[in-house]
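Numbering starts at 1 and runs along the sequence shown. As the structure is a computational prediction, the values presented were derived from the model and not from experiment.
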Amino acid sequence: ETADGKHLIVASHGEVLGLDKATGQVTGSRHMNFLITTDPIVIGTTLCLGANDYYYGFFVDELGGQIWRTVSPKDEFVSQPVVAGNTLMLASRNGKLWRVNADDGDWIWKDRKTNGEVTGGLAADKRAVYVPSMDHNFYAFDLATGSELWDTRLDGGSLDQTPLALNGQVLVPASGKGLYSVSSTDGVVKWEADGIEQLSAVDGDHVWAGDSAGSLKAISLPSGEVVSSTP
């Protein structure tokens, strides 16, 4: 969604479309000369897109016109970044991390790295950015400096999905296993819920999530107890 709240930006492969939010009419389009590998993000006047070897910032009103790019040779950006203020936290597939300014692409910090590939999206709160890695470790890096705060081993399942940070904990989906709740302070696992495949929404002290049997469950955030389940 654009800053004025009137338009939506849609990206598919190498094409970017602008849509009127009220009517759905196409207001503009642009063919990019690269394969788009992440969902588009709009921050202010900047349209942000991932690709092979690069993460780009473009002028959103032109649906093009490159402002900046972050380079990672022989790599790709498939992990969905997370926004904090006017900055983006980026992770490449090879596990490299940056925090960049959305206006000009200048980095606040860089040269941080996980020990495994990163394909799942990132999450953040006011203190840290959280990174799921395919080496079965879940990492927290200081938002301001990029220094590593902790990492936690989560052996069950693959950490290939986007976590959710809230209320002093981070919910970490793991494909083939379920859902972990990890303390955002020190990375200690608070509880596990097996069979959960997808997070849906948070409502007060509960998270709604879909399981492998096709049911929608309400799970207590403090305890991990399933309080209701609907096929």
Side-chain angles (χ1 to χ4, degrees), residues 1-114 116-124 129-134 141 146 158-164 175 198:
E1 184 175 337
T2 54
D4 61 10
K6 297 180 179 180
H7 298 85
L8 299 174
I9 305 297
V10 179
S12 177
H13 301 293
E15 196 82 15
V16 178
L17 300 175
L19 304 177
D20 185 284
K21 190 174 178 182
T23 67
Q25 291 183 332
V26 175
T27 58
S29 66
R30 176 67 67 93
H31 179 75
M32 302 297 187
N33 62 351
F34 58 85
L35 178 67
I36 299 168
T37 56
T38 63
D39 292 338
I41 294 175
V42 176
I43 305 177
T45 59
T46 305
L47 169 63
C48 306
L49 298 167
N52 293 334
D53 300 324
Y54 302 102
Y55 195 91
Y56 293 98
F58 296 97
F59 291 108
V60 70
D61 57 351
E62 301 174 11
L63 295 182
Q66 181 181 310
I67 307 171
W68 54 265
R69 66 182 185 179
T70 296
V71 183
S72 188
K74 297 181 180 180
D75 200 353
E76 59 183 336
F77 291 89
V78 296
S79 170
Q80 190 68 9
V82 66
V83 176
N86 199 46
T87 68
L88 277 171
M89 269 65 65
L90 308 174
S92 73
R93 180 184 286 273
N94 288 342
K96 299 177 184 177
L97 303 172
W98 298 259
R99 183 180 183 184
V100 299
N101 187 298
D103 290 331
D104 53 22
D106 287 347
W107 53 269
I108 289 88
W109 48 258
K110 62 174 183 175
D111 298 330
R112 310 302 192 263
K113 197 174 186 307
T114 66
E117 290 190 346
V118 178
T119 60
L122 310 185
V129 54
Y130 303 98
V131 186
S133 175
M134 295 300 284
F141 295 87
S158 299
L159 302 183
D160 56 359
Q161 300 186 54
T162 303
L164 176 64
S175 297
Q198 186 177 16

*Report yes if the side chains of Leu17 and Ser29 come closer than 4.5 Å at any heavy-atom pair, otherwise no.*
yes
_With side-chain contact (heavy atoms from CB on, under 4.5 Å) as the criterion, how do Thr46 and Trp68 come out once you've worked through the C-alpha distance, each side chain's angles and the decisive distance to 0.1 Å?_
CA-CA 10 Å; Thr46 305; Trp68 54 265; 4.0 Å; yes
*How far apart are the closest heavy atoms of Thr37 and Ala51, and which atoms are they?*
OG1-N, 3.1 Å
*Sidechain-backbone polar pair: Arg112 side chain, Gly146 backbone, donor-acceptor under 3.5 Å*: yes
*Considering residues at least two apart in sequence or located in another chain, which fulfil the ring pair (Phe, Tyr, Trp, His ring centres under 6.0 Å) criterion with Trp109?*
none
*asked:* Would you say that Phe59 contacts Ile67 through its side chain, given a criterion of any heavy-atom pair below 4.5 Å between the two side chains?
replied: yes
*Any idea which heavy atoms bring Gly64 and Arg30 closest together, and the distance?*
CA-NH1, 3.7 Å
*Close side-chain approach of Phe141 to Thr114, heavy-atom, < 4.5 Å*: yes
*Could you give all pairs that pass the side chain to side chain donor-acceptor pair (under 3.5 Å) test and reach residues 79-93, with sequence neighbours left out?*
Asp75-Ser92, Glu76-Arg93, Asn86-Asp103, Thr87-Arg99
*Listed partners of Asp20 passing side chain to side chain donor-acceptor pair (under 3.5 Å), at least two apart*: Thr23
*asked:* Is it true that, when you exclude Glu15 itself, more than 12 heavy atoms of the residues, nucleotides or ligands shown sit nearer than 6.0 Å to its CD?
replied: yes
*asked:* If you apply the rule side-chain contact (heavy atoms from CB on, under 4.5 Å), what do you find for Met134 with Asp160, and how did you get there?
replied: CA-CA 7 Å; Met134 295 300 284; Asp160 56 359; 3.9 Å; yes
